[in-house]
Amino acid sequence: MIQLKNDTFLRALQRQPVDYTPIWMMRQAGRYLPEYRASRARAGSFMDLCMNPELACEVTLQPLERFPLDAAILFSDILTVPDAMGLGLYFTEGEGPHFERPVRTREDVRRLGVPDMATDLGYVMDAVSLIRRELDGRAPLIGFAGSPWTLATYMVEGGGSKAFARSKAMMFDQPDLMHELLAVVAEAVTQYLNAQVASGAQALMIFDTWGGSLTPRDYRDFSLAYMARIVAGLTREAEGRKVPVILFTKGGGQWLEAMAASGCDALGIDWTTDLADARQRVGSRVALQGNMDPCLLYASPDRIRAEAAAILASYGPGTGHVFNLGHGIHPDVEPDHAAALVEAVHELSRPYHGGVGG
């Protein structure tokens, strides 16, 4: 077993002492990097990039070659699971993801089955294994999946949506059918994440991108309940150490207490929630990840450094904070600005952990 040279991220998620606040960035492997754009061009399409383990490994490692990040995250897409359930995922330039066979009726739901992780999603597991080998212990690898509610919205709508008209109509008019759909998706996601751990993932993250579109009651019933079900079914220890789990609901700042009771180890929060307030509300129950507005990376390096300082001060002394953006990095951000953020966080966070900083 390769020794992990930097486990700061894993220790922070478990609220253990660290020397500095670790940082990684959502969508850190992406279009803002010229080397990613070159790999994407070689692949031919986004899905070909995701489904080629060698190329997925290549782009996963690209941000770590540029920046001293404290974690790598598997390069993939949340929609690989519904694609493996037979819905026919494809991407249209400028329009995003679509499904050839959306889920609209009871018969559609009954036709769904949990994919075989070794065959239907074997390319993901091959990528995880390859990334772990190529990382050579320099940083831990995060595996991930979409939340059942988020995946269900794409499956029912047939693609992205702003109003979620079909999904919410099903939820309101046929709640039993929506629960049936969410149950099979939750089982698929549980098996998918466990397969990633078996292949080498050292932490897990569940992306609930569209949970914030729900009312508080519906969020608990149709989103959080199924994420908690997944957390309860996950492999929580591998290779002799704990596998921490992060839940992230975009726009979910009003539900942090309920999320903290789900059994997860950490909560991702976006920039609409004050970090000091979030820490006070969850106390010592979970770690927190976040929460800089991604648009701050358009600002000057000096302004980025000032914002990093403000966010670190907001969290305050002690462990349990993983610095991140409040959502994914935008594709037209200058890589040098991302570098300025990583450098600022590593330097300015040390005094909060008993070390010396600038």
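- Across all their heavy atoms, Leu49 and Ser39 have their closest contact at CD1-O, 4.2 Å.
- Two residues are said to be in side-chain contact when any heavy atoms from C-beta on lie closer than 4.5 Å; Lys5 and Asp136 meet this criterion.
- Salt bridge annotation for Arg281-Glu257: present, with a cationic side-chain nitrogen under 4.0 angstrom from a carboxylate oxygen.
- Using a 4.5 Å cut-off on side-chain heavy atoms (C-beta onward), Val282 and Leu288 make contact.
- Sequence neighbours left out, the pairs with a member in residues 42-55 that pass salt bridge (charged side-chain N to carboxylate O under 4.0 Å, His left out) are Arg42-Glu58.
- The two residues Ala145 and Val189 come nearest to each other via the heavy atoms CB-CG1, 3.7 Å.
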Go through the steps to decide whether Phe222 and His179 satisfy the test ring pair (Phe, Tyr, Trp, His ring centres under 6.0 Å), and finish with yes or no.
CA-CA 7 Å; Phe222 291 94; His179 281 302; 4.4 Å; yes

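- The closest side-chain heavy-atom distance from Phe75 to Tyr36 is below 4.5 Å.
- In this structure, a donor-acceptor pair under 3.5 Å is absent between the side chains of His98 and Tyr154.
- Asp265 has no carboxylate O lying under 4.0 Å from a charged side-chain N of Arg15, or vice versa, which leaves the two without a salt bridge.
- Ring centers of His330 and Tyr298: under 6.0 Å apart, within the cut-off.
- The number of heavy-atom neighbours closer than 6.0 Å to CZ of Arg31, taken from other residues, nucleotides and ligands shown, is 12 or below.
- Between the side chains of Asp302 and Ser300, no donor N or O sits under 3.5 Å from an acceptor N or O.
- Side-chain N/O atoms of Thr105 and Asp108 include a donor and acceptor closer than 3.5 Å.
- With hydrogens and angles disregarded, a donor-acceptor distance shorter than 3.5 Å links the side chain of Thr153 to the backbone of Thr150.
- Minimum heavy-atom separation, Ala278 to Thr273: CB-CG2, 4.1 Å.
- Considering every non-hydrogen atom in both Leu312 and Phe323, the closest pair reads CD2-CD1, 4.0 Å.
- In this structure the side chain of Gln202 never reaches within 4.5 angstrom of the side chain of Val197, judged on heavy atoms.
- Counting heavy atoms from C-beta on, the side chains of Phe99 and Pro82 come closer than 4.5 Å.
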For the pair Arg104 and Glu157, evaluate salt bridge (Lys or Arg N to Asp or Glu O under 4.0 Å) and give the outcome as yes or no after the intermediate values.
CA-CA 8 Å; Arg104 303 272 168 80; Glu157 303 293 336; over 6 Å; no

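- Qualifying salt bridge (Lys or Arg N to Asp or Glu O under 4.0 Å) partners for Arg106, counting only residues two or more places apart in sequence or in other chains: Asp176, Glu180.
- His337 contributes no side-chain N or O that, together with a main-chain N or O of Pro301, makes up a donor-acceptor pair within less than 3.5 Å.
- The existence of a salt bridge linking Arg132 and Glu239 is confirmed by a sub-4.0 Å separation between a basic side-chain nitrogen and an acidic carboxylate oxygen.
- Using a 4.5 Å cut-off on side-chain heavy atoms (C-beta onward), Arg27 and Leu325 make no contact.
- Rounding to the nearest 0.5 Å places CG of Leu256 at 12.0 Å from CD of Gln280.
- Environment of CD in Glu343: sparse, with no more than 12 heavy atoms of neighbouring residues, nucleotides or ligands closer than 6.0 Å.
- Within the structure, the ring pair (Phe, Tyr, Trp, His ring centres under 6.0 Å) test picks out the following pairs touching residues 228-268 (sequence neighbours left out): Tyr219-Trp255.
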Show your working on side chain to side chain contact (heavy atoms under 4.5 Å, CB included) between Gln289 and Ile269 and close with a plain yes or no.
CA-CA 6 Å; Gln289 179 178 278; Ile269 59 174; over 6 Å; no

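- Between the side chains of His353 and Thr319, no donor-acceptor pair is found at a separation under 3.5 Å.
- When side chains are defined from C-beta on, Pro22 does not count as touching His321, because their heavy atoms never get closer than 4.5 Å.
- Asp270 approaches Asn291 most closely through the heavy-atom pair O-ND2, 3.2 Å.
- Under the 4.5 Å side-chain contact rule for hydrophobic residues, Val18 and Ile246 do not share a cluster.
- Listed for the Asp208 side chain is no donor-acceptor partner under 3.5 Å among the backbone atoms of Ser223.
- Shown are Asp120, Leu121, Thr119; of these, the side-chain contact (heavy atoms from CB on, under 4.5 Å) with Met117 is made only by Leu121.
- By the 4.0 Å N-to-carboxylate-O rule, Glu187 lies too far from Arg229 to be salt-bridged with it.
- Under the rule for a salt bridge (Lys or Arg N to Asp or Glu O under 4.0 Å), Arg279 has no partner lying at least two apart in sequence or in another chain.
- Screening residues 79-91 for side chain to side chain donor-acceptor pair (under 3.5 Å) gives Thr80-Tyr192 as the qualifying pairs, with residues at least two apart or on separate chains.
- Taking Arg285 as the reference, nothing meets the salt bridge (Lys or Arg N to Asp or Glu O under 4.0 Å) condition, with sequence neighbours excluded.
- Look at Arg241 and Asp7 and you find a salt bridge, because one of the NZ, NE, NH1 or NH2 atoms lies within 4.0 Å of a carboxylate O, short of that distance.
- The shortest side-chain heavy-atom distance between Trp149 and Leu214 falls under the 4.5 Å cut-off.
- Proximity of a side-chain donor or acceptor of Arg305 to a complementary backbone N or O of Ala340 within less than 3.5 Å is not detected.
- Looking only at distances, a side-chain donor or acceptor of Thr60 sits under 3.5 Å from a matching main-chain atom of Ala56.
- For the residue pair His346 / Asp70, a side-chain donor-acceptor distance below 3.5 Å is found, with atom types taken as modelled.
- Cluster annotation: Ile23 is connected to Leu348 through the hydrophobic network of ILVMFWY side chains, with a link wherever side-chain heavy atoms come within less than 4.5 Å.
- Annotation for Leu247 and Ser262: closest pair CD1-OG, 3.2 Å, computed over non-hydrogen atoms.
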Please step through ring pair (Phe, Tyr, Trp, His ring centres under 6.0 Å) for the pair Phe144 and Phe207, ending with a clear verdict.
CA-CA 7 Å; Phe144 73 92; Phe207 285 87; 5.6 Å; yes

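- Leu74 and Leu64 fall within the same hydrophobic cluster, where Ile, Leu, Val, Met, Phe, Trp and Tyr residues are linked whenever their side-chain heavy atoms come under 4.5 Å apart, directly or through other members.
- Tracing side-chain contacts under 4.5 Å through hydrophobic residues (I, L, V, M, F, W, Y), one reaches Val59 starting from Met125; they form part of the same cluster.
- Taken together through direct or relayed side-chain contacts under 4.5 Å among Ile, Leu, Val, Met, Phe, Trp and Tyr, Ile311 and Trp271 form parts of separate hydrophobic clusters.
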Side chain to side chain contact (heavy atoms under 4.5 Å, CB included) for Leu341 and Met292? Distances and angles first, verdict last.
CA-CA 10 Å; Leu341 175 63; Met292 195 174 90; 3.8 Å; yes

